[in-house]
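Written out below as structure tokens is the structure these notes cover.
Chain identifiers are assigned alphabetically (A, B, ...) following the order of the sequence lines, protein sequences preceding nucleic acid strands; residue numbering begins at 1 within each chain.
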Number of protein chains: 2
Amino acid sequence: MDPVSTQHVAEFRRFNRYFTRRIGALDDHYLGQDRPLGEARLLFEIGEGVSLRELRTRLALDAGYLSRMAKTLQTQGLVRISVHPDDSRLRRVELTRAGRIELKEQNRRADALAAGLLDGLTTAQRDRLTEAMGTAQRLLRLAAITVAPVDGAAPDARACLDAYAADIDARFPEGFDRSDLVRPEEVSGEAGAFFVAYEEGRPVGCGALRRLEPRVGELRHVWVHPDARRLGLARRLLTALETEAAARGFAVLRLDTHASLTEAQAMYRSGGYREIPPYADHVYGDHWFEKRLSGPVS
Amino acid sequence: MDPVSTQHVAEFRRFNRYFTRRIGALDDHYLGQDRPLGEARLLFEIGEGVSLRELRTRLALDAGYLSRMAKTLQTQGLVRISVHPDDSRLRRVELTRAGRIELKEQNRRADALAAGLLDGLTTAQRDRLTEAMGTAQRLLRLAAITVAPVDGAAPDARACLDAYAADIDARFPEGFDRSDLVRPEEVSGEAGAFFVAYEEGRPVGCGALRRLEPRVGELRHVWVHPDARRLGLARRLLTALETEAAARGFAVLRLDTHASLTEAQAMYRSGGYREIPPYADHVYGDHWFEKRLSGPVS
DNA sequence: CCGGTTCTTTGACTACAGTCAAAGATTATG
DNA sequence: CATAATCTTTGACTGTAGTCAAAGAACCGG
């Protein structure tokens with residue numbers, strides 16, 4: 001990766017300062033005007049019932065601290081705390097009717113605040129602002145995502161493949177049979193590799209590389225979680241897989257894809273892959289691609 | 001102004017949440033790792049010597065709170081506090097050598113943090129992010145600026161005209177004579193109007209409207225502070241002036257401008273003004289424009 | 001069913017952020 | 001030149017955020 005230029009850093013920090021101090025601070029102040037900010041945030045995060053444990057990990061809070069805040073909300077009649085049905089060690093916390101009303105009021109105020117800020121702009125300017133914010137957020141999310149090799153049998157790898165299979169199954173008219181998935185040993189150790197993309201600790205994408213013939217590798221199951229699409233993550237996964245393939249001495253990479261996945265095909269084409277005749281008879285592929293690698297990078 | 005659509009509000013809040021929690025929080029945590037966040041911020045704001053009073057108003061801090069923080073920084077040897085030369089009630093605070101070193105280190109760390117965040121992106125993506133952030137910041141600043149009518153003799157109005165005169169004087173080869181400025185009574189009450197644009201309480205632009213003939217008004221001294229340019233503020237001022245003119249029953253607006261101000265001319269043209277022969281012999285104008293208003297808005 | 005682990009609660013803290021009011025020093029103003 | 005206004009300092013607070021450790025209850029694996 002290229003070193004980050006000082007211009008980019010300066011611009012980033014300028015925006016960061018401006019936004020955090022001016023808008024973010026305002027927001028926090030607004031949110032926390034009736035009750036402590038921590039409690040207000042908690043109210044936000046309790047959707048329709050979560051365990052304290054999940055809140056604790058999601059918000060990275062101290063167990064004692066969280067316990068007390070939850071109790072405060074309970075005595076205020078905003079949440080109901082009960083023993084979790086599946087595991088009596090856990091506590092399940094959910095909004096009461098009063099809590100839902102309170103949350104709605106909080107949202108209304110936050111909306112009004114946002115609307116007040118946007119009020120001075122014309123519709124065209126609001127459109128531009130929305131687009132710029134969307135672009136910035138997508139790129140910031142992408143920047144925060146890491147791609148790491150994991151063992152093909154690792155839980156994260158299996159979780160991704162499960163999600164992939166379910167996704168494809170729902171999308172293809174003919175459905176998807178899990179027997180077509182790579183087996184762990186095909187993508188572990190000498191045989192191949194498996195990459196998982198993580199956003200804030202959660203797997204949001206994957207890609208597999210396996211040996212097809214000597215010096216010929218195959219890419220499989222390049223997949224991105226629906227929440228993480230349109231960020232440019234697939235391309236990042238592709239780059240990681242190609243770098244790995246080059247390091248392993250593969251001269252050629254092949255892959256197959258399905259006619260219905262038009263974005264995927266466009267990505268492969270723009271990534272230097274060209275369509276070739278079928279090289280194998282996977283059940284679900286109907287387009288085949290190949291790319292010649294330029295050799296391992298020293 | 002149009003009502004703000006729920007899409008715009010939702011998108012704004014989504015970005016706000018993401019950015020404040022993810023990036024802003026990180027930044028604060030980083031900045032405040034050695035000393036309290038308040039003190040770290042203070043160190044940032046003390047450039048080359050300011051008065052406590054200025055810090056107090058700029059950061060909106062309690063006087064006692066600020067006094068104590070400053071003293072803490074002083075005992076740590078980071079700042080020097082002395083009686084202000086002009087006014088012995090005031091305290092002048094400035095960085096010591098150690099303070100400057102500390103600040104530099106703080107900046108280095110913040111830069112490293114930003115660079116770390118941008119590291120996962122390609123140069124093209126960083127460019128796009130920078131541009132999106134710049135656009136968003138400009139629009140947010142514009143949204144936060146208010147335009148208000150003030151008396152032509154008000155201090156803010158005079159301050160703007162002074163800045164305008166100095167600006168023009170530096171830009172025109174022939175200089176600028178202050179006698180060409182409108183007199184307060186020409187733009188007050190029945191005679192005319194004067195608008196000032198405020199960003200966070202500070203005047204950053206102005207524009208004057210005065211009566212030239214019955215039903216014919218003239219726009220003068222439409223000016224934007226250099227720090228607030230390229231935000232679209234001039235257009236906002238123009239709109240405010242035109243609305244005011246229409247309300248006062250003017251059917252035609254005229255103005256003159258200088259050949260060297262090409263952006264200004266482009267703005268007037270795109271705003272519906274067309275070039276006309278000289279209607280008066282102001283010393284400094286050499287292009288004349290006119291716009292026919294559509295009448296007062298009910 | 002025993003030992004280790006997980007989850008929550010409680011007690012006991014610490015530090016930071018921020019407010020309010022009184023008082024002293026200095027400057028501006030009628 | 002007396003009085004009001006301004007600025008800073010100090011004392012005395014409050015509330016929020018957050019940490020750490022101990023202990024009890026429930027679960028899990030062998």
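- Within a heavy-atom distance below 4.0 Å of DNA chain D, the residues of residues 68-78 of chain B found are B/Arg68, B/Lys71.
- Remark on DNA chain D: of its neighbouring residues A/Asp62 and B/Leu90, the 5'-side contact belongs to B/Leu90, judged by nearest-heavy-atom nucleotide.
- The distance from atom CG of A/Asp86 to atom C1' of C/dT6 is 15 Å, rounded to the nearest whole Å.
- Between its opening and closing five pairs, the helix from C/dC1-D/dG30 to C/dG30-D/dC1 changes axis direction by 30°, a value rounded to 10 degrees.
- With rounding to whole Å, A/His84 atom NE2 is found 12 Å from C/dC7 atom P.
- For A/Arg56, the salt bridge (Lys or Arg N to Asp or Glu O under 4.0 Å) criterion is met by no residue, not counting sequence neighbours.
- Listed by chain and residue number, nothing satisfies the ring pair (Phe, Tyr, Trp, His ring centres under 6.0 Å) test with A/Phe195 (two or more places apart in sequence, or in another chain).
- By the 30° and 60° cut-offs, the orientation of the rings of A/Phe19 relative to B/Phe12 is tilted.
- When rounded to the nearest whole Å, the span between OH of B/Tyr65 and P of C/dA17 equals 4 Å.
- Heavy-atom distances under 4.0 Å link DNA chain D to B/Leu52, B/Arg53, B/Arg56 of residues 50-58 of chain B, given in residue order.
- Contact annotation for B/Gly64: base contact, defined as any heavy-atom pair under 4.0 Å involving a base atom.
- Across all non-hydrogen atoms, the minimal contact from A/Ala132 to B/Ala136 is CB-N, 4.0 Å.
- With hydrogens and angles ignored, the 3.5 Å screen pairs a side-chain donor or acceptor of A/Thr57 with a backbone N or O of A/Glu54.
- With sequence neighbours excluded, the residues forming a salt bridge (Lys or Arg N to Asp or Glu O under 4.0 Å) with B/Arg22 are A/Glu200, listed by chain and number.
- Looking at residues two or more places apart in sequence or on another chain, you find a salt bridge (Lys or Arg N to Asp or Glu O under 4.0 Å) between A/Asp111 and B/Arg13.
- The side-chain hydrogen bond (donor to acceptor under 3.5 Å, both in side chains) contacts involving residues 84-100 of chain B comprise B/Asp87-B/Arg89, where partners must be two or more places apart or lie in separate chains.
- Sequence neighbours left out, the pairs with a member in residues 59-79 of chain A that pass side-chain hydrogen bond (donor to acceptor under 3.5 Å, both in side chains) are A/Arg35-A/Gln76.
- Rounded to whole angstrom, the span from the CG atom of B/Leu66 across to the C1' atom of C/dC16 amounts to 16 Å.
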Working for salt bridge (charged side-chain N to carboxylate O under 4.0 Å, His left out), residues B/Arg178 and B/Asp169: CA-CA 9 Å; B/Arg178 293 180 52 90; B/Asp169 188 52; over 6 Å; no

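- Considering only residues two or more places apart in sequence or on other chains, A/Arg108 meets the salt bridge (Lys or Arg N to Asp or Glu O under 4.0 Å) condition with A/Glu105.
- Residue A/Asp87 is classed as a sugar-phosphate contact, given heavy-atom separations below 4.0 Å to backbone atoms only.
- Bounding nucleotides for the chain A contact on DNA chain D, 5' to 3', at a heavy-atom distance below 4.0 Å, are D/dT16 to D/dC27.
- Note on B/Leu61: nothing from the nucleic acid sits closer than 4.0 angstrom, heavy atoms only.
- For the ring pair (Phe, Tyr, Trp, His ring centres under 6.0 Å) test, no residue two or more places apart in sequence or in another chain qualifies with A/His8.
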Chi angles and distances behind the salt bridge (charged side-chain N to carboxylate O under 4.0 Å, His left out) call for A/Arg202, A/Glu199: CA-CA 5 Å; A/Arg202 286 172 39 198; A/Glu199 182 175 29; over 6 Å; no

